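Counting starts at 1 for both ligands and their atoms, following the listed order. The structure displayed is predicted, hence computed values, not measured ones. Counting from 1, the numbers follow the sequence of the chain as shown.
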Amino acid sequence: MSFKEKLNSTQMPQHIAIIMDGNGRWAREKGEMRVFGHQNGVSAVREALEGAVEIGLKYLTLYAFSTENWNRPEFEVNALMELLVNSLNEELPTFQKNNIRVNCIGRTSDLPVHCQATLQDTIDQTKDNLGCTLTLALSYGSRQEILEATKAIALKVKNNQLAIEDIHEDTISQHLYTHDMPDPDLLIRTSGEERISNYMLWQIAYAELFFLPIMWPEFSREHLFECIYYFQNRERRFGKTSEQL
Ligand code: IPE
Ligand code: IPE
Ligand code: MG
């Protein structure tokens with residue numbers, strides 16, 4: 001029986017976040033250039049997205065480029081940017097057919113202008129799709145996000161638009177790039193690395209974490225279903241005792 005058939009439809013996650021890692025190592029193991037790994041990572045993105053659509057997932061958020069990734073060689077950064085533009089153009093019919101809304105989080109003003117244009121065009125063209133929201137984290141850094149939120153809140157306090165006593169956890173959530181989506185229930189990272197690398201630090205406070213030993217180009221929808229299956233079989237206590245649940 002496949003993991004998909006074993007899923008409990010009454011306990012489906014709403015939001016899955018993925019750190020797509022291991023493209024470079026996958027390619028180097030094959031004696032290829034790192035960029036070959038990124039190219040092959042695109043089909044894994046398709047797998048994840050199709051899997052998400054199959055099970056009616058509402059939010060899928062993919063870490064595609066971090067604020068720290070700007071420190072990579074220029075050649076690799078450029079290749080990643082071109083891959084983004086080409087993939088968005090190629091996948092637009094699939095987004096429309098599958099009712100997928102594309103969204104992005106991060107400091108996208110740092111992206112090359114033509115990438116920003118393609119991204120905005122994809123966002124505009126898919127804005128009325130109400131199925132799955134695919135969010136791409138691009139030039140994303142969680143500390144940067146929290147810093148920007150802090151400054152925005154401080155400015156409101158300074159301008160007497162917000163009282164200090166009215167700053168709650170929700171106030172912070174509402175000032176993050178992710179203000180219009182629920183927190184991830186599940187975070188998946190491929191490549192065997194067990195770290196968060198500056199991804200959604202606030203939002204994953206109670207997410208269930210899954211670290212898979214496979215490299216991102218090897219990821220298939222069956223891995224997604226497997227993680228959801230194990231997610232459904234974990235006891236989420238949120239600080240309470242087992243007996244209280
Ligand atoms: C993930 O794969 C893709 C990006 C970070 C853009 P990597 O490029 O980090 O691959 P490894 O981790 O070096 O193998
Ligand atoms: C995290 O992967 C960023 C993305 C997947 C986009 P990295 O490969 O950049 O992370 P580190 O450097 O291993 O922590
Ligand atoms: Mg990596």
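Closest approach of G51 to F225, counting heavy atoms only: O-CE2, 3.6 Å.
Side-chain atoms of T126 come within 3.5 Å of backbone atoms of V102 as a donor-acceptor pair (strictly under, hydrogens ignored). A donor-acceptor pair is defined here as one N or O able to donate and one able to accept, closer than 3.5 Å; no such pair exists between the side chain of D183 and the backbone of I204. Judged purely by atom type and a 3.5 angstrom limit, N8 uses its side chain to pair as donor or acceptor with the backbone of T10. For the pair E47 (side chain) and R221 (backbone), a donor-acceptor distance under 3.5 Å is present.
Legend: residues meeting ring pair (Phe, Tyr, Trp, His ring centres under 6.0 Å) with F75, ordered by chain and number and at least two apart, are absent.
Ligand 1 has at least one atom lying under 4.0 Å from a heavy atom of H38. By the 4.0 Å heavy-atom criterion, M215 is excluded from the residues contacting ligand 1.
Residue pairs meeting the side-chain hydrogen bond (donor to acceptor under 3.5 Å, both in side chains) criterion with at least one member in residues 79-90, sequence neighbours excluded: E82-H114.
Between Y230 and F210, the distance separating the two ring centers is not shorter than 6.0 angstrom. Here the two rings, on Y140 and Y63, have centers that are under 6.0 Å apart.
S142 and W202 share no side-chain donor-acceptor pair at under 3.5 Å.
Of all protein atoms, those that are N, O or S and lie under 2.8 Å from the Mg ion (ligand 3) total 1.
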Please tabulate protein-ligand N/O pairs under 3.5 Å for ligand 2, atom names and distances to 0.1 Å.
{"from": "ligand 2", "atom 1": "8 (O)", "to": "D21", "atom 2": "OD1", "distance (Å)": "3.2"}
{"from": "ligand 2", "atom 1": "8 (O)", "to": "R72", "atom 2": "NH2", "distance (Å)": "3.3"}
{"from": "ligand 2", "atom 1": "9 (O)", "to": "N69", "atom 2": "ND2", "distance (Å)": "2.9"}
{"from": "ligand 2", "atom 1": "9 (O)", "to": "R72", "atom 2": "NH2", "distance (Å)": "3.4"}
{"from": "ligand 2", "atom 1": "10 (O)", "to": "R189", "atom 2": "NH2", "distance (Å)": "3.4"}
{"from": "ligand 2", "atom 1": "10 (O)", "to": "S197", "atom 2": "OG", "distance (Å)": "3.4"}
{"from": "ligand 2", "atom 1": "13 (O)", "to": "R195", "atom 2": "NH2", "distance (Å)": "2.8"}
{"from": "ligand 2", "atom 1": "14 (O)", "to": "R195", "atom 2": "NE", "distance (Å)": "2.8"}
{"from": "ligand 2", "atom 1": "14 (O)", "to": "S197", "atom 2": "OG", "distance (Å)": "2.6"}

